[in-house]
Amino acid sequence: MLESFAPTMAPRVRFAPSPTGFLHVGSARTFIFNWLYARHNKGTMILRLDDTDVGRNTQASVDSIFEGLKWLNLGWDEEYKQSERIDLHRKTAWAIFEKGLAYRDFTPAHTGEAEKSGAQGTWLFNPGAREISPAESDRRAAAGEPFALRFRVPHEGDQAVRFTDAVYGEQAKLAADIEDFALLRSDGMPTYHLASCADDADLRISHIIRGQDHLSNTFKHVLIFEAAGSRPPQFAHLPLLVAPDGTKLSKRRHGPVVSVTTYRDAGFLSEAFINFLCLLGWSPKNDRENMSVQELTEAFSLEGINRSNAVVNFKESTVAAEATPPNVAIPSEVRESDFAALGFAAPEDTFDPKALWLNAEHIRALPVEELSARLLPIVHAAGFQVTEDKMLRITPLIRERIKLLRDVLTAADFFFVDQLPPYDPAELIPQKGDAAMARRVLEKGREVLANVEFKHDPLDQALRAAAQELGVKAGQMFQPIRVAVCGRKNAPPLFETLEVLGRETTLKRIEQALQKIA
RNA sequence: GGCGCUAUCGUCUAGGGGUUAGGACGGAAGAUUCUCAAUCUUCAAACACGGGUUCGAUUCCCGUUAGCGCUACCA
């Protein structure tokens, strides 16, 4: 082959969402795989808005897509809008018509959904439409009669349309089984198939990496490319992302967990989210799982993509499915905080456990300064006043205790507030102890902590010595103090915590605890 | 209905004519520890079913079943 002597060209790939809904996780994964392929091969990443369906496009969808992509923070090299390229699409369609490979169909468009489900057998073309003579076709068109332009699929004989998919291998389908699909609608607007192929050819797309739901459409696309005189690009179809019940992801059925911004708002790190999505339908084949974007880029290849659908294992919120009337659309700006109101479970148990684990891993891998900087705005947004410096000292204490960035709010709350929220005084009572012991421990603690230096080692020594003096175990000494200063039993290590809290706050909270059990 | 695609632990996956079918998440148990978390150790858990081919199939072929996709003048 001649091509084999030519230097291999840098690939050009595209992500082509249609703005008819928010950016969902499946689309995000398609974007990521395209991006990874482009970067791995030093190619070009193109973003193209496939907005030819004017009736269903919304600005809100466009915004949602950009919002989601912006969070992913991967970027792209070129950007196009299909709606600005309609002349090209029409030109392509009429060129195909001129070659005799398309014809005008004056049959009125199917109106209802009636035909869809009841369709028995295969519909290939509208009766009579193919046979209209060129002269009559021209005459009726000139008379202003509306028509759709259809591709004249060669149904006679047993010729097959073929292509090789990088993931699914050799594909062939009898042309006789392919219907005469539309190129131009009766309003003159291009259909998805035509616009997509015309643009792919014009933008010199070398690899089309997209969802498997397009696998059977690809036969039509090959027909269009060939009719337009272009060589079809390399195709690579991705297995679909499905819900735990096996059905495709849908916001109405599955709630906000399918929207990219939900992950962002819940406190996912975009790099963890990307990592998670990459592991769905692709494998580096060396048992690596926790990977940075850099590592993913290096490891990515089309060969690692597998063929069966992958389940995003979030918790099915059946309550919501039943409680939410099916005809009530959930607004796209639904936030994690509204989950409960809508009947969805709390975020920590709705997300795929693996996504949560990866996020925790990525959080721990972040340098303290960076994690702290990411946490700060969340804390501020929640209405707490914390200095950058204090946050920097809190961060190491919670970074192994949070799975989502937002967990900072529950893991470190006692550092932020002046007055601890009310807690059960019974919590102050240590293991195998009683209220009297709790009181003795707190009184001793108050005495010791009034003088000791508020640094880890001196605190450690002083409190342990105090425990010995009182004849209680170290744990019995620490627990009442921990609850007194944190308001709960489960908290970061005591000495580090006291160090950050400082003497004044510590003593004040011990005093309050003492009053609680008085 | 037609056409296409898919089938390994609960989930994501590795593997491949002969393996104790590997890893990870999640689960269970234990160790460690001032609680929680993290960490470490251990355990349970899978080749959808039926036919071939073969000395031998989870792996190759066919069928069945199931799931998914397409079957629009949606994308």
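Chain letters run A, B, ... following the sequence lines, proteins first, then strands; residues in each count from 1. Being a predicted model, the structure only gives us computed values, none of them experimental.
- Among the nucleotides B/C34, B/A38, B/C3, the one closest to any side-chain atom of A/Arg482 is B/C34.
- Judged as a ring pair (Phe, Tyr, Trp, His ring centres under 6.0 Å), the pairs with a partner in residues 158-180 of chain A (not counting sequence neighbours) are, in order, A/Phe163-A/Phe219, A/Phe163-A/Phe235.
- B/G27 and B/G67 have their P atoms separated by 30 Å, given to the nearest Å.
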Going through the distances and angles, do A/Asp457 and A/Gln461 end up as a side chain to side chain donor-acceptor pair (under 3.5 Å)? CA-CA 6 Å; A/Asp457 290 352; A/Gln461 285 161 19; 5.7 Å; no
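- To the nearest whole angstrom, the two C1' atoms, one in B/C3 and one in B/A45, are 38 Å apart.
- Closest approach of A/Gly281 and A/Ala310 over heavy atoms only: N-CB, 4.2 Å.
- The partner of B/C9 cannot be assigned: no Watson-Crick or G-U wobble pair with both contacts below 3.5 Å exists in any strand.
- As judged by a 4.0 angstrom heavy-atom cut-off over every strand, A/Phe495 is placed among the base-contacting residues.
- The P atoms of B/U20 and B/G63 are separated by 33 Å, rounded to the nearest whole Å.
- The side chain of A/Pro353 has B/C25 as its nearest neighbour among B/C25, B/C68, B/A75.
- Residue-to-nucleotide proximity on RNA chain B shows that, of A/Ala172 and A/Gln82, the 5′-proximal contact is made by A/Ala172.
- Picking from B/U35, B/C70, B/C12 the nucleotide with the shortest atom distance to the side chain of A/Asp213 gives B/C70.
- Nucleic acid contact for A/Arg488: none, since no nucleic acid atom lies under 4.0 Å from a heavy atom of the residue.
- Atom name C1', nucleotides B/G23 and B/G18: the rounded distance is 23 Å, in whole Å.
- Of the nucleotides present, B/U42 is the one that pairs with B/A28 by Watson-Crick or G-U wobble criteria, both distances under 3.5 Å.
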Can A/Phe495 and A/Phe478 be said to form a ring pair (Phe, Tyr, Trp, His ring centres under 6.0 Å), step by step? CA-CA 9 Å; A/Phe495 313 131; A/Phe478 302 155; 5.2 Å; yes
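- Here A/Pro17 lies out of heavy-atom contact (under 4.0 Å) with every strand.
- Remark: A/Arg307 is not in phosphate contact with B/A7, judged by side-chain N or O atoms under 4.0 Å from OP1 or OP2.
- Here the nucleotide nearest the side chain of A/Trp123, chosen from B/A72, B/A37, B/G26, is B/A72.
- No donor-acceptor contact under 3.5 Å links the side chain of A/Asn313 to the base of B/G10.
- Base-pair partner of B/C55: B/G18 (Watson-Crick or G-U wobble, both distances under 3.5 Å).
- Spacing between B/C73 and B/C49 at atom P, rounded to whole Å, works out to 42 Å.
- Comparing A/Leu240 and A/Glu361 by the nucleotide of RNA chain B whose heavy atom lies nearest to each, the residue mapping closer to the 5' end is A/Glu361.
- Residue-level contact check: A/Gly281 touches the backbone only, with heavy atoms under 4.0 Å from sugar-phosphate atoms and none from bases.
- As rounded to the nearest Å, B/A75 and B/A38 have P atoms that lie 48 Å from one another.
- Comparing B/U59 with B/G22, their C1' atoms sit 16 Å apart, to the nearest whole Å.
- Taking the side chain of A/Lys354 as heavy atoms from C-beta on, and the options B/C34, B/G69, B/C12, the nearest nucleotide is B/C12.
- Ring centroid separation for the pair A/Phe268 and A/Phe276 does not come in under the 6.0 Å cut-off.
- With distances taken from any side-chain atom of A/Asn217 to the nucleotides B/C34, B/C70, B/C3, the minimum falls on B/C70.
- Under the 3.5 Å distance criterion, the side-chain polar atoms of A/Asn309 are left unmatched by any main-chain donor or acceptor of A/Val242.
- The nearest whole Å value for the distance from the CD1 atom in A/Ile429 to the P atom in B/U35 is 19 Å.
- Contact check, A/Arg288 against B/G23: no side-chain N or O comes under 4.0 Å of OP1 or OP2.
- Looking at the side chain of A/Pro493, the nearest of the listed nucleotides B/C3, B/C34, B/C12 is B/C34.
- Nucleic acid contact class of A/Gln431 (heavy atoms, under 4.0 Å, all strands): none.
- Considering only the side chain of A/Val311, B/U11 comes nearest among B/C25, B/U11, B/G69.
- Nucleotides B/G15 and B/A57 are separated by 15 Å at their C1' atoms, to the nearest Å.
- Figure legend. B/C36 is base-paired to no nucleotide; pairs are counted as Watson-Crick or G-U wobble with both atom distances under 3.5 Å.
- Residue A/His214 has its side chain nearest to B/A75 when only B/C36, B/A75, B/U11 are considered.
- For B/U13, one of the phosphate oxygens OP1 or OP2 lies less than 4.0 angstrom from a side-chain nitrogen or oxygen of A/Asn306.
- At whole-Å resolution of the value, CD in A/Gln171 and P in B/G69 are 17 Å apart.
- The aromatic ring centres of A/Phe33 and A/Phe300 sit less than 6.0 Å apart.
- Base pairing of B/U64: its partner is B/A48, meeting the Watson-Crick or G-U wobble criterion (both donor-acceptor distances under 3.5 Å).
- Using a 4.0 Å heavy-atom distance criterion, A/Leu494 is classed as a base contact.
- Phosphate contact (OP1/OP2 of B/A14, side-chain N/O of A/Lys285, threshold under 4.0 Å): present.
- The two residues A/Lys489 and A/Val483 make their nearest non-hydrogen contact at CG-CG2, 3.9 Å.
- Residues A/Val408 and A/Met391 meet the side-chain proximity criterion, which asks for heavy atoms closer than 4.5 Å.
- Judged by distance alone, with hydrogens and angles left aside, the side-chain atoms of A/Arg90 form a donor-acceptor pair with the main-chain N or O of A/Gly188 at under 3.5 Å.
- For A/Gln212 against A/Leu240, the heavy-atom pair with the smallest separation is N-CD1, 3.4 Å.
- As judged by a 4.0 angstrom heavy-atom cut-off over every strand, A/Ala491 is placed among the base-contacting residues.
- A/Glu289 comes within 4.0 angstrom of a base, heavy atoms only.
- Nearest nucleotide to the side chain of A/Phe478, out of B/C34, B/A75, B/A38: B/C34.
- Of the residues in residues 182-196 of chain A, those lying under 4.0 Å from RNA chain B by heavy-atom distance are A/Ala182, A/Arg185, A/Ser186, A/Thr191, A/Tyr192, A/His193.
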